[in-house]
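Here's the structure we're looking at; comments come further down.
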Amino acid sequence: MRYKSRKKAILLLADGTIFYGKAIGKEGTAFGEVCFNTGMTGYQEVFTDPSYYGQLMVTTNAHIGNYGVNDNEVESDGIKIAGLICKNFSYDYSRDDSNGSLEDFFETHNLFAISDVDTRALVSYIRENGAMNAVISTKTEDIDALKQQLSEVPLMEGLELASKVSTKEPYYFGNENATYKIAALDIGIKKNILRNFAKRDAYIKVFPYNATFEELSAWNPDGYFLSNGPGDPEPLAEAQTLAKTIIEKNHPLFGICLGHQVIALANGVSTYKMHNGHRGINHPVKNLKTGKGEITSQNHGFAVNRDEAEANPELEISHVHLNDHTVAGIAMKNKKCFSVQYHPEASPGPHDSSYLFDQFIDLLK
């Protein structure tokens, strides 16, 4: 493939701005909200993270594909990004335990991707002008038609996407003879979250996004978990009702990312669409309880309203993002409930925050 002529491609932003590139493999077109990830590694985990559903991913690392793919480095049942935009794509890879090339992985999962884009200029543009819908395509001669199609793509704000990535039927993860039982609501769950619970002597039953408290509690779990996931948290009415019920009954409850936002909404605290989200593996967070800093893995385009969280007598802000002082964690003062906006399971990313899983297990004891 790398020796063949490659089809010209474009990235067209909703405001009419165009960036030029080339198709990595097949010809095609893909729509989504454009966003960027600043991580220097872990591209396979990022591409398979359900939280990225519906988004065109710009990778800031200049080289993508250089270490191939590995079957153990997926976070779901397949690629979840809508498309990829990168600078240099490596058709060759050099890692002993790779199972194949990233190009073949894209082909298997039917992903359209483009490279040779000036990603430094693109990221600067997105940072200045904010996240917006976009299209990548090899149909470079039909800009007007692409603009028309792009105008019909729904905005991320108000968009419910958890149902697109959630399991259809409940399933189990871990050792059924484990000490603890956790009922997890799948609104876009990552596999490494389940692995972290399982290695802490927990058996997990994973439920669909719209499961009720009666369904979860019938399993008689020791605690409840609300997962990460894509889209706007506000339309997730069933998940908010579930969270309210768990909180009212004071069962142990832990939320990550989208689950964190759902817990905030269940407490009457609103969320909002960020100008640009946090996506990368080097985001600095301060734990306000310990005073310690953490380098964290993050992936979100919505955030919890800080003023409302501070004014809520039932809540305390437990963590803040040090770059922009947004809410990175909350805890309820009189309930066994806490959540964080970032990803303590990492994959990819540092393990500074893995203590949060231990903190939740302590609530179950």
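Computed from a prediction, not measured in an experiment: that's the story for all the values here. Numbers here simply count residues along the sequence, with the first being 1.
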Checklist line | Residue list, side-chain contact (heavy atoms from CB on, under 4.5 Å) with D222, at least two apart or on another chain | finding: Y180, K181, L364

Item checked: Summary of salt bridge (charged side-chain N to carboxylate O under 4.0 Å, His left out) pairs that have at least one residue in residues 299-321, sequence neighbours excluded -> K289-E316, R306-E310

Item checked: Contact summary for P252 and L363, nearest pair of heavy atoms -> CG-O, 3.7 Å

Notebook entry, point to check: With sequence neighbours left out, which residue pairs that include part of residues 252-276 fulfil the salt bridge (charged side-chain N to carboxylate O under 4.0 Å, His left out) condition?
Noted result: E33-K273

Check: Could you give the distance from CD (Q261) to CD1 (I256), rounded to the nearest 0.5 Å?
Finding: 12.5 Å

Next item on the list: Report the residues that fulfil side-chain hydrogen bond (donor to acceptor under 3.5 Å, both in side chains) with D118, sequence neighbours left out, ordered by chain and then residue number.
Entry: none

Check: Are any non-hydrogen side-chain atoms of T212 and S217 less than 4.5 angstrom apart?
Finding: no

Notebook entry, point to check: Taking only residues two or more places apart in sequence, or in another chain, which ones meet N110 in a side-chain contact (heavy atoms from CB on, under 4.5 Å)?
Noted result: K26

Check: Do F197 and F357 have ring centres separated by under 6.0 Å?
Finding: yes

Checklist line | Exercise: do S101 and E103 side chains pair donor with acceptor under 3.5 Å | finding: no

Notebook entry, point to check: Which pairs, with at least one residue in residues 350-359 and sequence neighbours excluded, count as a salt bridge (charged side-chain N to carboxylate O under 4.0 Å, His left out)?
Noted result: R200-D358

Margin query: Starting from Y272 and following side-chain heavy-atom contacts under 4.5 Å between hydrophobic residues (I, L, V, M, F, W, Y), which residues can be reached?
Written below: M274

Next item on the list: Please examine the side chains of D186 and P208, heavy atoms only from C-beta on, and report whether any two atoms are closer than 4.5 Å.
Entry: no

Check: Using links of under 4.5 Å between side-chain heavy atoms of ILVMFWY residues, direct or through other members, which residues join V34 in one cluster?
Finding: L11, L13, F19, F36, L56, V58, I85, F112, I114, V117, L122, V123, Y125, I126, M132, I136

Notebook entry, point to check: Using 30° and 60° as the class limits, which term best fits the ring planes of Y43 and Y67: parallel, tilted or perpendicular?
Noted result: parallel

Check: Who else is in L159's hydrophobic cluster (ILVMFWY, side-chain heavy atoms under 4.5 Å, direct or via others)?
Finding: Y53, M156, L161, V165, F302

Notebook entry, point to check: What pairs of residues pass the salt bridge (charged side-chain N to carboxylate O under 4.0 Å, His left out) test when at least one of them lies in residues 56-83, not counting sequence neighbours?
Noted result: E73-R95, E75-R195, D77-K80

Next item on the list: Scan for side-chain hydrogen bond (donor to acceptor under 3.5 Å, both in side chains) pairs involving residues 135-144, sequence neighbours excluded, and state none if there are none.
Entry: T29-S137

Notebook entry, point to check: Between atom CG of N305 and atom OG1 of T271, what is the distance when rounded to the nearest 0.5 Å?
Noted result: 9.0 Å

Notebook entry, point to check: When clusters are formed from ILVMFWY side-chain contacts under 4.5 Å, directly or step by step, what else is grouped with Y20?
Noted result: I10, L12, I18, F31, V135, I143, L146, L150, V153

Checklist line | Given H278, Q341, H321, the one that forms side chain to side chain donor-acceptor pair (under 3.5 Å) with H283 | finding: H321

